[in-house]
Each structure stands twice: as structure tokens, then as C-alpha cells.
Protein chains: 4
Amino acid sequence: MTEQARRAQIIAAAIEVVAELGYQATSFKRIAQRAGLSSTGLISYHFKGKQELVDEVFAEVLRRFTTFVLDRLDRADTAAGELRAFLSANLRFMAAHRAEAVAFLRLRPHVSEREVAEGDHRKMADLLRAGQAAGEFRDFDPDIMSIFLLALRTGVLTRAADDAAVDIELCERELLIAVELATRR
Amino acid sequence: MTEQARRAQIIAAAIEVVAELGYQATSFKRIAQRAGLSSTGLISYHFKGKQELVDEVFAEVLRRFTTFVLDRLDRADTAAGELRAFLSANLRFMAAHRAEAVAFLRLRPHVSEREVAEGDHRKMADLLRAGQAAGEFRDFDPDIMSIFLLALRTGVLTRAADDAAVDIELCERELLIAVELATRR
Amino acid sequence: MTEQARRAQIIAAAIEVVAELGYQATSFKRIAQRAGLSSTGLISYHFKGKQELVDEVFAEVLRRFTTFVLDRLDRADTAAGELRAFLSANLRFMAAHRAEAVAFLRLRPHVSEREVAEGDHRKMADLLRAGQAAGEFRDFDPDIMSIFLLALRTGVLTRAADDAAVDIELCERELLIAVELATRR
Amino acid sequence: MTEQARRAQIIAAAIEVVAELGYQATSFKRIAQRAGLSSTGLISYHFKGKQELVDEVFAEVLRRFTTFVLDRLDRADTAAGELRAFLSANLRFMAAHRAEAVAFLRLRPHVSEREVAEGDHRKMADLLRAGQAAGEFRDFDPDIMSIFLLALRTGVLTRAADDAAVDIELCERELLIAVELATRR
DNA sequence: AATGAATGAGGTTTCATTCAT
DNA sequence: AATGAATGAAACCTCATTCAT
């Protein structure tokens, strides 16, 4: 088996275990069992340590998340449209890729480089500034509003992660309305 | 020393440790050191197990949090006013009682009865419904809006917990405006 | 069992294991077996880590070694006499306390503070200087001669540790003569 | 690549690693990294096990050491002269080939056949006996004096290995004087 | 009520060695 | 001859919990 394939297999198993049992209960032993590996030594063979594994798992999830969102962003031609598309895509990711979304939320506090886990803030603030410059948004503080919008994103995802009964489509509709009201000129 | 006093002492130490080092690094050993206890056995003696300790610590923090917030809710005579007071009080709790607030955020995912950690939702939804009945709020889904508002509360607190440089008063002002816009009739 | 007694027991077991199997093969598991402990965790309970254990074991051996030697030093009234007594006592320690002596040699390279393991050099050089000042010794470089004398001490002990057939009393007589010739005025 | 060349390459890397990091930290992994090998399996392929590798590395270092010393022994025409040349050459080996000298000292305790590591003793005793027969040396026990002289050799080298600031030439001069005094008729 | 030593399971990690290719 | 992934034992260490005193 090739290095890349094995790493991918381990990462996939880790995502599942984290999503099901949470970060705390995610041990090398459980990942190895889930992946059908013969020993935990194999994980150490492919990853320098637990932190590297966590970082790579998170990076992989983030990559899929980002790709998913970006794919749904290109059609937007206004800042407000882009913001709507961003929020919609975020919620839909939970519906379409539950395990990854849950793993994303659970791993975030344990990623070694905080920057990676919070990479969205700057981009979001820039988008808001652009929308203000274009006259689409009212005159709020873009850095603070960025905190609000990402808090909404994360909070709704967390709620959906905790309670599978949450109606994500309904959340999406209501969220778009509320954000529109809170940001428009 | 009385049973109650001992438990309070242990809980106080646990709050500090959780706030400083996070849930993961919070072991009986560290709590005992912080509290100046002679043995971790003393913790096991007063609490049935780690989960009970965690639950009680969270309950205690939640009690203080709730008291703090309720104290600032009395004066409100409208639903919108109460909502504003609730949000303000929440943010101010972080400024006034940082350790408790951080412990609250860090313990929440590990509390055994989910109900406890999310007790706010029903009350918030009821408040929103009352406001809608009184014609103060527009016609959103109160359960969903409740998710949003608590997501904002938690997200802003989390951000402030991670980054002490966040200007909580500015957040408060902007948050009240945004929520007003998103909820008013 | 009291803390002190347990530590002493573990240290005693460690001395035996190191003397018999060498540093490399000295694991917590083997020490625990030798001491009749239920688990290696007990060692970690009494010593912060392996390095602390090693350091304490060495310190204990060194203490016994030093006491043994000092007890045989006080009768000397000249520097040359003290030097002879020192060398004699060193060799006799091997004969009288073989396990400690072997452990001393085997642990020395792994002690964390080099200073401790090489504490003799300064004192030896001082003794040599005193002897030169008193006209007992010829005009060698005392720091270098100190290296030679301790090299002789260590080398002979090492030889005796490796080969139990070495006649230590004969070594002692010959060593005193050789050192006398090499150092006298 | 030829078998012999590969073994030599591995041995060379092992010498460096042992000299730099000590025996304990010398793993197949580090040797492979140092040698630029693709896998630790290659080491196992060329050496039956770790012990064989250690033995061969030591044998190789010993060979170079011996050659170096023997090259400087030819000119001596008396036993005393040969002894002086031997000691000088030993100290100079450290100055000229530090890595090999340090590896020699660090590997010696781990060589499987003790005989190899202590091969010098018999030859040294023979030299001493010859010197006594020729009337150059006084009437000491040659086997014991052999222990002393090799202890001096090893001790000084060890000291120089631990502390690069030791002045080897000064040691050499002082050593020759001391040994002359201790052995001459 | 309190102590503090003891327990044993479980964690991550390193290691020499093996094996299919 | 070489590769590099795989193996499984063994290492040290931390943990919550138990228990005799």
C-alpha cells in the first residue's frame, strides 16, 4: 500500500472516530481499530505524532469544507450575494458531509496553529468592507460583524451537530433573512 | 471542614484550572494542587467520579452566570428590552468574571446532560414568542432565532475568550444594533 | 508503606538491576519486578520521571561511596597520606559493596548534572595543590594529575567490575606504590 | 553498490552518530538518515542484527585505532620507548580522529565479545615483562600495571571526549613523566 | 473527613526486524 | 541489492479510582 493511500485511510478513520466519539475519546488505538490496522505503531510510522495527525486531519477536513463552499461562491456577483452563498454553503456542508462537519467543529480547538482554524475571519472582514464600499452594507464595524457572522455559522453548525433533528434548510432560510436585515444599508 | 465548604473549594479550583489550561489538561492532580489538597483521593471522596465533578462545576458556573444575567434583566419591561439586557449581560459576564466565563465555554461540551448545557434555548424561544405576540418582533421562527441569538452569544464569548484583545463594549454596541435590525417588526 | 521506605526500596531494586543488567536493560518494568511492585506506575508515582530516578539512584550510591571513603580519610595527616587513603578506600568500596560500585560506574554517564558525577575533580586538585605547597609532591600540573588519579581509580574499578577475578588487594598495593613514585618530590 | 561498500557506508554513518549522540540514541533510523539510506531495512539486510552492527563498527574503529598506534610504534627500540610511543599515539588519536575515538569509548561497553574490547591488556603486559627482563622497568606486577596504564589511557581519552577544552598535548607531556616515574627501575 | 500510597488500564511513541515487491 | 511499508513488543508516563489507616 502506498504512503499516500495509507495516510488517507488513517485520516478517514480519524474523521469518523472524532465525529462519533469526540476528540477526547479519539486514541490511536481506536483509529487503528477503525482503519483495520495491525498496530498503533503504523500511525506513528506515517505521522510524526498525534499533533501532526490532528493538524493534518483538520487540514484535510478544512480543505473539503473550503472546496465545497468555494464551489458555491463563484456565481455570486455582489458582496451581499457572496455572503448569502457563503452562509448557505456552510450550512449545506453539514447536511451533505456530516462526519466532516462534526470533525471540523470538534478538532478546531485542538489544532496547533490557531491561524489555520480561524483563517476565515480576515476574508470575511474583507468581503464586508467591499460590500460597504459598494454601498450594499450599512456602516457597521466589519471586524466585529465578521465575528458575528462566523459565530452564527459555527453556532448553527454546532447545534446541528448536537441535534440531528434540526431542520437545516429552515435554518438557512431564516438565517439569510436575519443577516440581510442586520447588514443591509 | 464541612462537606459543603470542601466541595466549594474543589469546584473553585477546578474552575481556575479549566479556565487556564482547558478541559483536556484538567486532571484531579492539577485540581488538587491548585486547591492545596493533600491528595486526589479527596476529590474522589467528595465526588462520585470525574463526570459528577464536571457536571457540578458546570452547574455552579451556570448558576453564577444565570444569577448575573437575571440581576440585569429585572428592569426590562418589553421583550426587546429584555433581549437587549440578556445579550448585554452575557457579554459583560465575560468582562467581569473571565475565569467562570471561559470555564463555562470549555466545560459545556463535556457536561453529561445536554439539557443542562442548553437550558437557555427554551427560555429564549419563549421570550421571542412573547415579543412576537406583543408586536415587538417580526414573524421569524422563534426556535430558529433562538439558535441564532445563542450562537451569537456563545460565538462572541468564545472569541473574547481566545483573544483577550477583543473590545467587548464595542461588540456589545454592535451586537445590539444588529439584533435589533434582525428581529424588529 | 511510607513514602521514604518505598523510595528506598525502589532505589535498592534499581541499584541491583543496574549492577546486574546494565543501564540499558534497566527498565521500570524490571525494577518493579525486582522490587515486587504491582505496576510500573508506582515508580512514576514516587519519582517524577526516569531521569529523576536515575539521578536519585546515583546520588544515593554516591552518598554511600562518599561516606565510605570519608570514613577512611580522617586518620590521614598529610596530603600524601590522604591521597593513599582515598585510593585505598575507593578500591575497597568495590570489594565491600560491589553492586553499588558497579551501579556507580554504569550510571555515571547518564546522570543529568555532569557536575555531580564529576564532583571529585576539584577536590582532588585541591588536595594535590596542598601537597605541593607542603613540599610533599613534585611540581606536576595538579589539574592534569587529578585527571590521571581519577582515571586510575575509575579504570581499576571498571576492570574489577568487569572481571570479578581481579585481585583488588594486590591492585591496591601496586597502585599506592605507583602513585607514590609518580607524585613524590 | 557493492556489499562491502554499503557496509562501509553504514559503519561510517554509525561512527558519526555514536560519536555525536551516544550509544543510547543511536538507532537504525538515525544511522539510515545520516547515511542517506532509504530504509532501516537496508541495515538489517546487511547486518544480521543490531549486535552484529555494533560489533563490526567497534572492530572497524579498533582497527583504525590500532593501525594509527602501530604506525607510531616502529621507531621505538626500547620497551620504555615503545610504552611512551603507545601512550603518545593513543592521546594523539583523539586529537586527530575525534569521532572514531569517541565512538571507541562509547561502544566499548556494548561490544558482545569482551575479549575484543580488551585485547590490549595481554600485549601491554607482555611489553612490560619484556621491559622488566631488559632491566628498564622496576619490579611491579605487569598484569596490574597493565590495568593502570590502560586505565590512564582510557580515562584521559574519556575526559577529553567529555570536555573538548582539555589540552591534550599538556596531558601527553605530564603523562609521560608520571608513567616514567612510576615504571622506571 | 482526610490521607496518601497503590492500582492497573490506557495513552503515545520508538524500536529492531520482517516481508512483499 | 534495495525499498519502504508493516509489525508488535516494549518503553515511559498519566490518569481516575480504590483502600487501609
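Quick caveat, the model's predicted, so the values are computed rather than measured. Residue numbers begin at 1 in each chain, while the letters A, B, ... track the order of the sequences.
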Among B:I11, B:V18, B:L53, B:I15, whose side-chain contact (heavy atoms from CB on, under 4.5 Å) with B:I31 holds? B:L53

For F:dA5, does the base pair up with any side-chain atom of A:Y45 as donor and acceptor (N or O, under 3.5 Å, distance only)? yes

Distance in angstrom units between [X] [atom1] and [N] [atom2], rounded:
X	N	atom1	atom2	result
B:Q33	F:dC15	CD	C1'	13 Å
D:K50	E:dC15	NZ	P	8 Å
D:I31	E:dA16	CD1	P	8 Å
D:Q4	F:dA1	CD	C1'	15 Å
C:M1	E:dG4	CE	P	17 Å
B:H46	F:dT18	NE2	C1'	16 Å
C:L42	F:dC12	CG	P	15 Å
B:K29	E:dG4	NZ	P	15 Å

May I ask you to test the D:V54-D:Q51 pair for a side-chain heavy-atom distance under 4.5 Å? yes

Contact between D:R6 and D:L37 at the side-chain level, heavy atoms closer than 4.5 Å - yes or no? yes

Contact under 4.0 Å: C:S39 side-chain N or O vs E:dG8 OP1/OP2: no

Determine: side-chain N/O of D:R6 to OP1/OP2 of F:dA1, distance under 4.0 Å, yes or no. no

Does F:dC13 have a Watson-Crick or wobble mate here (both distances under 3.5 Å), and if so which one? E:dG10

Hunt down the Watson-Crick or G-U wobble partner of F:dA20, both distances under 3.5 Å, from any strand shown, or write none. E:dT3

With nearest nucleotide decided by heavy atoms, which residue, C:L37 or A:R30, maps closer to the 5′ end of DNA chain E? C:L37

So which one's nearest nucleotide on DNA chain F is more toward 5', C:G49 or B:G41? C:G49

Between B:F47 and A:E3, which is nearer to the 5' end of DNA chain F once each is assigned its nearest nucleotide? A:E3

Using a heavy-atom cut-off of under 4.0 Å over every strand shown, decide if [X] touches base, sugar-phosphate, or nothing.
X	result
D:S38	sugar-phosphate
C:F28	sugar-phosphate
B:S27	sugar-phosphate
D:T2	nothing

Is it the case that more than 12 heavy atoms not belonging to B:K29 sit under 6.0 Å from its NZ atom? no

What do you reckon, is CD of B:E113 surrounded by more than 12 foreign heavy atoms closer than 6.0 Å? no

